[in-house]
Amino acid sequence: MFSNVGWSEMMILLVAALVILGPERLPGAVRWTTGALRQARDYASGATSQLKQELGPEFDELRKPLAELNELRGMSPRAVVTKHLLGGDDSVLRDLENAVPDKQQLFGTSSGMPGGLSKPQPPKALENNERPPIDYDAT
């Protein structure tokens with residue numbers, strides 16, 4: 001739930017709570033908050049177990065699309081190709097990676113540009129009242 005809240009944010013929240021509530025009421029507020037969170041978690045787990053009991057094997061069928069979606073979220077293009085086109089055998093891709101030299105060997109520079117060329121320059125700014133070019137293929 002709070003996976004992306006760091007220590008610095010927690011310290012800011014603690015200081016803000018200390019200023020707003022004061023040192024007398026802060027321990028009681030912390031106890032109430034932890035109790036409410038624990039109770040909400042117990043209600044959620046109780047509802048899940050009750051659904052599982054009432055639905056039986058149909059509950060697993062309801063969770064199957066969610067499991068497939070989570071599996072797809074973790075897929076990379078390489079994993080998709082390996083799983084669906086190569087049947088789980090990625091030896092072809094590994095052999096291909098070993099056969100193709102990396103950019104520095106191929107171009108002889110660290111920039112990856114052929115012949116030691118520099119990076120392309122950005123387009124120049126338009127003059128006053130100059131109309132931008134239109135790419136008819138892109139529209």
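All heavy atoms count here, side chains included; hydrogens, waters and symmetry mates do not. Nothing fancy with the numbering, it's 1 onward along the sequence. None of the values given here were measured: they were computed from a predicted structure.
- Rounding to the nearest 0.5 Å gives a distance of 8.0 Å between CE of Met10 and CG of Leu14.
- Taking hydrophobic clusters as Ile, Leu, Val, Met, Phe, Trp and Tyr residues chained together by side-chain heavy-atom distances below 4.5 Å, Leu18 shares a cluster with Val30.
- Between the Glu130 side chain and the Glu127 main chain, a donor and an acceptor come within less than 3.5 Å of each other.
- Arg41 places none of its side-chain heavy atoms less than 4.5 Å from the side chain of Leu37.
- Closest non-hydrogen pair, Arg31 versus Thr34, comes out as O-OG1, 3.0 Å.
- For the atom pair CG of Leu55 and CD of Glu61, the computed distance is 10.0 Å after rounding to the nearest 0.5 Å.
- Distance check: Ser8 OG to Leu13 CG gives 9.5 Å after rounding to the nearest 0.5 Å.
- When atom types are taken as modelled, the side chain of Glu9 and the backbone of Gly6 share a donor-acceptor pair closer than 3.5 angstrom.
- Note that CD of Glu54 is 9.5 Å distant from OG of Ser49, once rounded to the nearest 0.5 Å.
- Lys83 is not listed as a side-chain neighbour of Arg78, based on a closest heavy-atom distance of 4.5 Å or more.
- Nearest heavy atoms, Pro23 versus Pro27: O-CD, 3.4 Å.
- A salt bridge is absent between Arg63 and Glu68; no separation between the charged side-chain nitrogens and carboxylate oxygens falls under 4.0 Å.
- We find the CG-CG distance between Asp95 and Asp90 to be 9.5 Å, quoted to the nearest 0.5 Å.
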